[in-house]
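Just so we're on the same page: letters track the sequence lines, and every chain starts at 1.
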2 protein chains.
Amino acid sequence: MTRDTKTAISLPTVRRLPMYYSILQEAASGKQENISSSQIAGRLQLESIQVRKDLASIGITGLPRIGFSVARLMDAIEDFLGWNNTSDAVVIGAGHLGSALAGYKGFAEKGLDIFAFFDSDKTKIGQKIQGKEVLDIERLPELTRRMHINIAILTVPDHAAQNAADVAIKAGIKAIWNFTLTKIIVPSGTIVERVDLAASLAALSSKLRQQIA
Amino acid sequence: MTRDTKTAISLPTVRRLPMYYSILQEAASGKQENISSSQIAGRLQLESIQVRKDLASIGITGLPRIGFSVARLMDAIEDFLGWNNTSDAVVIGAGHLGSALAGYKGFAEKGLDIFAFFDSDKTKIGQKIQGKEVLDIERLPELTRRMHINIAILTVPDHAAQNAADVAIKAGIKAIWNFTLTKIIVPSGTIVERVDLAASLAALSSKLRQQIA
DNA sequence: TAGATTGTTAATCGATTAACAATC
DNA sequence: TAGATTGTTAATCGATTAACAATC
């Protein structure tokens, strides 16, 4: 458990770790025992020094001439990202997007288990999505507390986002994965990670325009 | 058309513009004529200087004591992000996620029009999603060329991502909005904007862990 | 005029990249 | 041993933030 450097790993580094992991999976499936930073970097169009820096920051060391042990590296990343001890999450907003996310292969492997769906739309309540029941949003506080759930995935319509977030936080939710186009305001102490599609689309068209120009 | 500073606006700035726009919409709906950088910043938990810098970089100026004209600011952002001249896009992969994105309110306003869906699954071909037909992936090159479509939204299963991207690029697609967990490799000249959910989830749990610790 | 808010110029900060000695 | 690859230390780069004179 090389876990000495617990001093705030940078978010850019954290975001790259899953990419490294997917390269490692490939290597492992090819029975490759060791891998160099430049092999990883090459596959991801990054610089090898960045890979080494990132790995060093989560406390992993390699060996000159050998590189890094694929198996140990995978373990370390799984460990660091908490993929071993699964956390339960609820989805608030039982629409297409919620269904899509619930069906996403790979979330389960990455330690995220969707426990239930919540909606305020009475016609949706009682239906099943991916085998899990859609519950009345009123029951959120009860379930959150009983099951010790910290994470809510927010996929409600934009105009309902802030209100849903408020409800969730009141119910004891500690982290919100926000898929709406709305920037929600939360008290300090609550985590928000936003998947900002408007920002992403803006970046796409900006890059496209520059490319074409 | 204050469009002198066409010298590569930074991506972080571009990504913030839609947030500013949503604040402006609120202001406009409240009949507010002018807005200060600190008003915008306050609502978004940013610094006012960052707002001013961003706006300056797309060529907008304000007036001391007055601030910025809400209407002119909205126009400028719409203009800069190309929300006026709509571009057509295709969705490759007609699953839940594709449906969800197609149903996303606001994409239309943001200049993105989904023209058709493509899939290789024969059972899906011919069905309709959000009123648009699902076509055979084989027909992609024909349609891309005929309709001058530059953008593909990639929502296929992860293992099919690279292949689908290759097909799309061969068909003349210039920009790929990649929603898969796979990092796709493309020739230089092709744009990829990735919505990396694995990275986002990693960031979420990392922040949550730090918060709790 | 007085004062709020701008735009400019400089300082800070953090992340990435480069250079290279250490080492298996 | 020779040479590939590491980890360390320093340099660069770009974005954010601070300070403040300009100005409506």
*Among all residues two or more places apart in sequence or in another chain, which pass the ring pair (Phe, Tyr, Trp, His ring centres under 6.0 Å) test with B/Tyr21?*
B/Trp83
*In chain order, what residues pass the ring pair (Phe, Tyr, Trp, His ring centres under 6.0 Å) check against A/Tyr104, with sequence neighbours excluded?*
A/Phe107
*Atom CD1 of B/Ile66 and atom C1' of D/dA22: how far apart are they, to the nearest Å?*
15 Å
*What pairs with B/Ile185 under side chain to side chain contact (heavy atoms under 4.5 Å, CB included), at least two apart in sequence or on another chain?*
A/Gln45, B/Gln162
*Indicate, with a heavy-atom threshold strictly under 4.0 Å, whether A/Ser37 touches base, sugar-phosphate, or nothing.*
sugar-phosphate
*Between D/dT6 (C1') and A/Phe68 (CZ): distance, integer Å*: 7 Å
*Closest heavy-atom pair and its distance - B/Phe117, B/Ala102*: CZ-CB, 3.3 Å
*Check ion pair A/Glu47-A/Arg52 (N to O, under 4.0 angstrom)*: no
_Residue pairs, two or more places apart or on separate chains, that pass salt bridge (charged side-chain N to carboxylate O under 4.0 Å, His left out) and touch residues 147-171 of chain A_ = none
*Do A/Phe179 and A/Ile153 come close enough that some side-chain heavy atom pair is under 4.5 Å?*
yes
*What are the two closest non-hydrogen atoms of B/Arg145 and B/Gly172, and how far apart are they?*
NH2-N, 4.0 Å
_Interatomic distance, B/Leu73 CG vs C/dT5 C1' [rounded to whole Å]_ = 15 Å
*Give a yes or no on whether B/Arg15 atom CZ has more than 12 heavy-atom contacts from other residues, nucleotides or ligands under 6.0 Å away.*
yes
_Give the dot-bracket line for DNA chain D from 5' end to 3' end: parentheses for intra-strand Watson-Crick or G-U pairs under 3.5 Å, square brackets for crossings, | for inter-strand pairing, dots for unpaired._
..||||||||||||||||||||||
Give me the distances for all protein-to-nucleotides 12-19 of chain D N/O pairs that come in under 3.5 Å?
from	atom 1	to	atom 2	distance (Å)
D/dT16	OP1	B/Arg16	NH1	2.8
D/dT16	OP2	B/Arg16	NH2	3.1
D/dT16	O5'	B/Gln50	NE2	3.1
D/dT17	O4	B/Lys53	NZ	3.0

*Integer-rounded Å distance: D/dC24 P and B/Arg65 CZ*: 13 Å
_A/Leu63 CG - D/dG3 C1' separation (whole Å)_ = 16 Å
*Length of the CZ-P vector between A/Arg72 and D/dT6, whole Å*: 13 Å
*Measure the distance from CG on B/Leu55 to P on C/dT8 and round it to the nearest whole Å.*
13 Å
*Quickly work out the B/Ile60 CD1 to C/dT6 C1' distance and round it to whole Å.*
14 Å
_Taking the minimum atom-to-atom distance to the side chain of B/Pro64, which one of C/dG7, C/dT5, D/dG7 wins?_
C/dT5
